[in-house]
Every structure is written in structure tokens, then in C-alpha cells.
Amino acid sequence: MARVTPLSGFPEWLPDGRVVEQHVLDVLRRTFELHGFAGIETRAVEPLDQLLRKGETSKEVYVLRRLQEEGEDASADGGRGEKQLGLHFDLTVPFARYVLENAGRLAFPFKRYQIQKVWRGERPQEGRFREFVQADIDVVGAGELPYHYEVEVPLVMAEALGALREVGLPPVRVLVNNRKVAEGFYRGLGLSDVEGVLRQIDKLDKIGVEKVAELLVAEQGATAEQAAACLDLAAIHGSDTTVVDDVRKLAARYDAATDLLETGLAELGALIEAAGARAPGVVVADLRIARGLDYYTGSVYETLLVGHEQLGSICSGGRYDTLASDGKNTYPGVGLSVGVSRLVSRLLSAGLMTATRGVPTAVLVAVTDEDHRAQSDAVAAALRARGIPTDVAPSAAKFGKQIKVADRRGIPFVWFPGEEHQVKDIRSGEQVGADPTTWAPPAEDLHPRVVPGE
RNA sequence: GUGGCUAUAGCUCAGUCGGUAGAGCGCCUGGUUGUGGUCCAGGAGGUCGCCGGUUCAAGCCCGGUUAGCCACCCCA
């Protein structure tokens, strides 16, 4: 048999892992719908020029090509002029296109969730995949989008992730910043290359304060004092509105106050205040969060798993003043995206969350001998009719083997048909008489459950 | 795209100084009268990633190649 090797970056779970993933997806979806987000799905491909819009040349896009393309249509370019297609690398670009395409039929502000696979042609490693699932929520407005949505979106996400706590998800920390604060502060200092400064600040975790200070001077042309100011700003963090005062004081000290800074601070303060009341301890302002250098214009978010910070952000997003635009109308939006595959891969590899079994089956009906298989099928039918997931033994092997079949799969009950039916809980060994038309397993054994790992 | 490491049984790995392969787990069979897990006995299973080179002889040395892992970059 040909040797099969896993394809790096294209994760696949075993059935019990899939149970965990499916549970995570269910909880996310339920929470999103609870908050009024409507579900959509967009096609997997977009025209390549659309995907590469916004100058995102760094994104590694998988391009779609037909096997028969060559030879068949040397005239394709001159003829149909088919657009080159690429697999989407996130759900925001397709959503923006979808909004424009359906603007006349959507009601704004439009709240949608979208859970789909995305593809990125990057070099994979732990927690980084080339094919992975994202779960996005966004709110998009026509022309304008009130700031309170920038407060709502991370709180919905905090609630969704919070709902997974009981099955083993570690606590999460949503780090927030506001692009206007950073931009206002830097401009107030006299630094005009806001993106450049942010890019350096983003390296703080990796290379440390001193190196970043050097880079700010060398690359961004900052004075030592300006660099120090940027680093002081980046050092500010906290979960209450004192961070706003801290920034104001800092700005005053460097004489860097601007209107833009004040606007940003007001927004950030409102977010922190609301979050403190609605999800205490979850949302933390962190003035060094940069995120998606080019397109975010207001709040930016990043989410860490407490105890797994090395994994990177499992959920991030922000506010775009121009999520989509058709030239005449602009559609601002704010959204967050959960990296479901990254999250689930860690939950599984670290044993944080496990499924009680990998098969849906609650009962395995034994087969006495092949001549009596119909009797076992009848028992199974009776159980299934009452919603009990049931399977029939693959062969009329010795009962010990049939029990083993159940054990290997985590099926909790084995049914022995006969004059007097009996059902055995193979975990306890307890075996009792039972009637296929009335017996039911305990509620907790009816379906696989997801539980915290050991 | 750049750099480092790795590739031997289904899985995790050992294999000394070059002398045609081992362990643990798993799997199969048996331990009598149809009830698993523990225990005991036995058994199956490997083109040592692939191609080439050196050598009397290569899992081991050399070159190439493919794949995987890790780091950088970037990001979910």
C-alpha cells in the first residue's frame, strides 16, 4: 500500500477531536445568533484582483487553475477574459464584496456571522495552518456605524468564549487598543509615519524595549525623546479607565495632545467602562496592540488564551471605516474573527478538552448468530425510533469480542437480545433485563459530550 | 521565501566501531462450556522516506531529492 503522509498545514482531527471542534462551532454559532447575527456563507473563491486589493501583497493566496486549461483555451484571454480566481484567505474580503453585491437587499446596520474555511499559502507550524476555520462576526453600516458596535462586538465574543469555559477552555483576555489614540499621539509628537512606528512597536514582545527604541530612531527618524514617548505609551495597560488618564498625562508631558487623540481616548474609555460592567476582568486596554497595520481605523482587538500566550492571538479584529466602498457609498464595519482551528488544535494537543466518545453510538446491539441478525436489527430500530443512537455488531463473534467492539469505540452500552433482553453498562459491568420499547440510557450517555481534560 | 533539526513496525522510539533490524504500547490467536478490560503463553507486522555514490559489506559514511518539525517573516 502506498505510504500516506500528512500534508503539513492541513489539519484533520480524529472523530473524537471532531466532536470537540463541532462543539466549539455550535457554541459560537448559538452565541452569535443569540445576539442577532445572521449567518451567511460566501463562495470559497474571489477574483484574484479583489483578493489582492488593499495592497495586501504579503498575503499568500492559493490560485485556482483548471487542469485542462492549457491547450484548450489559448484564446481565453482574447475571448471570455475569465478572471483568475483565488481561494479566500479570510472572511472579511469576501464579506465586503458580498455587502457591495447585495447592498440593495440588506438592512443596515447589518450583523452577520460567517464560519468557513480559509486558505493561506504560508509556511505552517504549530497553530499556523494553510487551511483553517475562521468564525467571524461583523457589523457593517451604510455610510456610518455608531461607535457602540465597537463595544458590542468584543463583548459578544467574550461571551461566546466564556461559554466554553465549562468544558475546559482556559480564560481569555481580550486586549484592546484604539488606532486613533496611537495615531493622535504619534502625530502630536511630530511623527508622521504612523504605520512605521506601529510596526516597530509591534516588535516589542519579540526584541524588547531597547531594540525597538533603536529602530524607532534609525528607521522612523525619531529623536530619542520621541522614541521614549512611544515606548511609554506602549507600556500603558489596564482594565479600567485610569489608562485613559495615564495616556492624557503622558500626552501632556510630551505636549502631544491632539483632537484625534482625545477622540480615541473617549472611545477607548467607553469600551473599557462598558466591558468592566458587562464582562469584568476579560477586556484589557493595552496601548501596544497594533494589529493589521493598514486598514483598521478605530478599535483593534486581540485575544489571548491565559496560560497559552505563546500560541498568539486566537481571535482578532477591529474597526474599518471603509470595510467596503463602491465609490459612491462607503460601508464602515467592525468585526472579530476567531481562529477556530488554532484554538481547537491547542485544546486537543494540550488535552484541555476531550470528548466522552468519538462515535455518536450509545448502544451496540450484539448479534447472537448471523441467522438471528434480524432480531438485533429490530432491537436497534426500536431504540432508534426513540432517538437513541444505536449500532449493530459487525459480526456474530463471541460476546467478549462484541463487547470489545463497543469498548474500543467508547460505546457505553451493549444490548444482548434474546428471550429476555439484557443491557450491559460495560463501564460498571452492571447488566440488567430491559425492554427495547421502553429502556433508555441516562441522559448524559445519550450523546457524546465534551468535557474538560484531566 | 531564509535558517536549523529530523525521517527505522500501526504509534513512541532504540540501533554501539559500517557486518542484511529491536523494545514498549497497540493488533491477532489461545488459556473449554458465547461476557471485554487485569494476568499468562504464543503470533503477525519493516524495500530502515526516495534516488545515486563510497565499500567485500550501508539503517549507520557522502551527495542529491522529497516530506515533516522548529525558528524567522507574518498572522487566526
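Just so it is clear, the structure is predicted and the values come from calculations on it, not from any experiment. A, B, ... follow the sequence lines: proteins, then strands. Residue 1 opens every chain. Side chains are part of it too, since the values below use all heavy atoms of this structure and drop only hydrogens, waters and symmetry mates.
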Which part of the nucleic acid, if any, lies within reach of [X] when heavy atoms closer than 4.0 Å are counted: base, sugar-phosphate only, or nothing?
X       : result
G127(A) : base
A396(A) : base
S341(A) : nothing
R346(A) : nothing

At less than 3.5 Å, do the side-chain atoms of R199(A) and the base atoms of C74(B) form a donor-acceptor pair? no
Under 3.5 Å, is there any donor-acceptor pair linking the side chain of Q402(A) to the base of U35(B)? no
From [options], pick the nucleotide closest to the side chain of [X]?
X       : options                : answer
R408(A) : A71(B), C27(B), U35(B) : C27(B)
E122(A) : C28(B), C74(B), G34(B) : C74(B)
Q125(A) : C28(B), U35(B), C72(B) : C72(B)
R120(A) : U35(B), C75(B), C72(B) : C75(B)
E126(A) : G68(B), G34(B), C70(B) : C70(B)
I403(A) : U29(B), G36(B), G31(B) : G36(B)

Let me spell it out: for each of F416(A) and Q134(A), pick the nucleotide of RNA chain B with the closest heavy atom. Which residue's pick is nearer the 5' end?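 Its nearest nucleotide being more 5', the pick is F416(A).
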Ranking D369(A) and F132(A) by the position along RNA chain B of their nearest nucleotide, the one closer to 5' is D369(A)
With rounding to the nearest 0.5 angstrom, report the CG to CG distance, L85(A) to L51(A). 9.0 Å
In this structure, is the centre-to-centre distance between the rings of F129(A) and W119(A) below 6.0 Å? no
Separation of the [atom1] atoms in [N] and [M], to the nearest angstrom:
N      : M      : atom1 : result
G36(B) : U29(B) : C1'   : 16 Å
C5(B)  : A44(B) : P     : 40 Å
G45(B) : G24(B) : C1'   : 16 Å
G52(B) : A58(B) : P     : 13 Å
U55(B) : C62(B) : C1'   : 12 Å
C50(B) : A14(B) : C1'   : 24 Å
G49(B) : C60(B) : C1'   : 16 Å
C69(B) : G63(B) : P     : 25 Å

Identify the nucleotide, in any strand shown, that forms a Watson-Crick or G-U wobble pair with [N], with both distances under 3.5 Å; if there is none, say none.
N      : answer
G19(B) : C56(B)
G24(B) : C11(B)
A44(B) : none
G1(B)  : C72(B)

Assess the side chains of [X] and [Y]: does a donor N or O sit below 3.5 Å from an acceptor N or O?
X       : Y       : value
R112(A) : Q114(A) : yes
H372(A) : D369(A) : yes
E33(A)  : Y113(A) : yes

Hey, does the side chain of R18(A) reach the backbone of Q22(A) with a donor-acceptor pair shorter than 3.5 angstrom? no
Measure from [atom1] on [X] to [atom2] on [N] and round the result to the nearest Å.
X       : N      : atom1 : atom2 : answer
R128(A) : C72(B) : CZ    : C1'   : 10 Å
Q310(A) : C70(B) : CD    : C1'   : 13 Å
D202(A) : C74(B) : CG    : P     : 8 Å
R123(A) : G4(B)  : CZ    : C1'   : 12 Å
L14(A)  : G26(B) : CG    : P     : 18 Å
I426(A) : U35(B) : CD1   : P     : 15 Å
R130(A) : G1(B)  : CZ    : P     : 11 Å
E60(A)  : G1(B)  : CD    : P     : 8 Å

When you check the gap from the basic side-chain N to the acidic O, do R120(A) and E60(A) get nearer than 4.0 Å?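 A salt bridge is absent here (no side-chain N lies under 4.0 Å from a carboxylate O).
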Contact under 4.0 Å: S8(A) side-chain N or O vs C69(B) OP1/OP2: yes
Could you label the plane-to-plane angle of the F416(A) and F399(A) rings as parallel, tilted or perpendicular, counting under 30° as parallel and over 60° as perpendicular?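 Geometry flag for F399(A) against F416(A): tilted rings.
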